[in-house]
Amino acid sequence: MITLATPEDASEIYRVMLAAFEEYRNKAIPSSALNEKADSIRTSLNENEKAFLYWRGETAVGTVRFKEQDDAIYFFRLSVFPEERGRGIAGQLLQALEDFAAAYNFAVLCCKVRLTEIRNISLYKKYGFHIIGSETVVKPNGIHVETVTMTKNL
């Protein structure tokens, strides 16, 4: 089951995200997701951010966060517990984003992906996303990260 998260779900979102992004901890450039806290997620959900949670019974095992930007839904931190991967959860979360976008007349889904994350780029391509550009993101610590922007027109 997929639900639209509330600020009270911030700890669940954090728990799922941390488990999903743990594999990036020892990369040359670790994901900034590992630096987030449940409180900052709660604050964002109280402001202009939204999120979906994918539940297996009483346990959240997937999540995706998103913001409305002009005529697009920009999503980020798509997270699935490692032991739950390969079961279509990411695809169902992407479909929930698409359904939300359609219900509120948004024309595009958009995300940024590290260029080195071929598996993630392939996943999004499988669901109809296309690379429309690339850029170098400079992290607060001065590290440069090559990214691509991917979109899906609805």
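The residues of the chain are indexed from 1 along the displayed sequence. Just so it is clear, the values below take in all heavy atoms, side chains as well, and ignore hydrogens, waters and symmetry mates.
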(request) For Arg65, check side chain to side chain donor-acceptor pair (under 3.5 Å) against everything at least two apart and list the hits. (result) Glu36, Glu49
(message) I'd like to know if the side chain of Ser79 reaches the main chain of Arg77, judged simply by a donor and an acceptor atom lying under 3.5 Å from each other, with no hydrogens or angles considered.
(response) yes
(message) Ignoring hydrogens, what is the shortest heavy-atom contact between Arg42 and Ser11? Give both atom names and the distance.
(response) NH2-OG, 3.5 Å
(message) Looking at Thr6, is its backbone amide N or carbonyl O close enough to the side chain of Asp9 to form a donor-acceptor pair, meaning the two atoms are under 3.5 Å apart?
(response) yes
(request) Each residue besides Val108 in its hydrophobic cluster should be listed here, by chain and number; the cluster joins Ile, Leu, Val, Met, Phe, Trp and Tyr at side-chain heavy-atom distances under 4.5 Å. (result) none
(request) Flag the pair Phe129 / Tyr124 as yes when their ring centroid distance falls below 6.0 Å, and as no otherwise. (result) yes
(request) Report the distance from atom CD1 of Ile131 to atom OG1 of Thr151, rounding to the nearest 0.5 Å. (result) 10.0 Å
(request) With rounding to the nearest 0.5 Å, note down the distance linking CD1 in Ile118 to NZ in Lys125. (result) 8.0 Å
(message) I need the Thr59 OG1 to Glu84 CD distance, nearest 0.5 Å.
(response) 9.0 Å
(message) Is there a path of hydrophobic side-chain contacts, each under 4.5 Å between heavy atoms, that joins Met150 and Val64?
(response) yes
(request) Find out if a path of hydrophobic residues (ILVMFWY) with successive side-chain heavy-atom gaps under 4.5 Å connects Ile73 to Tyr127. (result) yes
(request) Evaluate the side chain to side chain contact (heavy atoms under 4.5 Å, CB included) criterion for residues Lys112 and Phe76: first the C-alpha distance (whole Å), next the side-chain angles of each, then the deciding distance (0.1 Å), finally the verdict. (result) CA-CA 7 Å; Lys112 289 185 186 279; Phe76 54 101; over 6 Å; no
(request) Give a yes or no on whether Phe81 and Ile41 share a hydrophobic cluster (residues Ile, Leu, Val, Met, Phe, Trp, Tyr; joining criterion: side-chain heavy atoms under 4.5 Å apart). (result) no
(message) Do Trp55 and Glu12 make a side-chain contact, defined as non-hydrogen atoms from C-beta onward lying under 4.5 Å apart?
(response) yes
(request) Give the cluster check for Leu93 versus Val61: same hydrophobic cluster or not, with ILVMFWY residues linked at side-chain heavy-atom distances below 4.5 Å. (result) yes
(message) Please evaluate residues Ser134 and Thr147 with respect to the criterion side chain to side chain contact (heavy atoms under 4.5 Å, CB included), reporting the C-alpha separation (whole Å), side-chain torsions for both, the decisive distance (0.1 Å), and the verdict.
(response) CA-CA 6 Å; Ser134 62; Thr147 65; over 6 Å; no
(request) Might you point out which heavy atoms bring Ile13 and Ala5 nearest each other, and give the distance in Å? (result) CD1-CB, 3.8 Å
(message) Measuring from atom CG of Asn105 to atom CG of Asp71, what distance do you get when rounded to the nearest 0.5 angstrom?
(response) 11.0 Å
(request) Kindly determine whether Glu98 and Lys152 satisfy side chain to side chain contact (heavy atoms under 4.5 Å, CB included), including the steps that lead there. (result) CA-CA 9 Å; Glu98 195 168 325; Lys152 179 178 183 177; 2.8 Å; yes
(request) Report yes if some heavy atom in the side chain of Arg56 is under 4.5 Å from a heavy atom in the side chain of Arg87; otherwise report no. (result) yes
(message) I'd like to check Glu22 versus Pro82 (side-chain heavy atoms, cut-off strictly below 4.5 Å). Are they in contact?
(response) no
(request) Take Phe52 and Thr3, measure what side chain to side chain contact (heavy atoms under 4.5 Å, CB included) needs, and give me the verdict at the end. (result) CA-CA 6 Å; Phe52 285 118; Thr3 60; over 6 Å; no
(request) Mind listing the closest non-hydrogen atom pair of Lys50 and Leu4 along with its distance? (result) CB-CD1, 4.4 Å
(message) With side chain to side chain contact (heavy atoms under 4.5 Å, CB included) as the test, pick out the partner of Thr63 among Leu78, Ile2, Val80, Val16.
(response) Val16
(request) Check whether Ile132 and Ile121 end up in the same hydrophobic cluster, where Ile, Leu, Val, Met, Phe, Trp and Tyr are linked by side-chain heavy atoms less than 4.5 Å apart. (result) no
(request) Give me the ring orientation class for Phe100 and Tyr104: parallel if the planes are under 30° apart, tilted from 30 to 60°, perpendicular past 60°. (result) tilted
(request) Decide, yes or no, whether a salt bridge links Glu146 with Arg114 under the criterion of side-chain N to carboxylate O below 4.0 Å. (result) no
(request) Determine whether more than 12 heavy atoms belonging to other residues, nucleotides or ligands lie under 6.0 Å from atom CG of Asp70. (result) no
(message) If I take atom CG from residue Leu109 and atom CG from residue Leu154, how far apart are they, to the nearest 0.5 angstrom?
(response) 4.5 Å
(request) State, to 0.1 Å, how close Gly62 and Ile89 come at their nearest heavy-atom pair, and which atoms those are. (result) CA-CG2, 4.3 Å
(request) Can you see which heavy atom on Lys37 is nearest to which on Ser40, and at what distance? (result) O-OG, 2.8 Å
(request) Quick one: pull up CG in Leu53 and CZ in Arg15 and give me the separation to the nearest 0.5 Å. (result) 9.0 Å
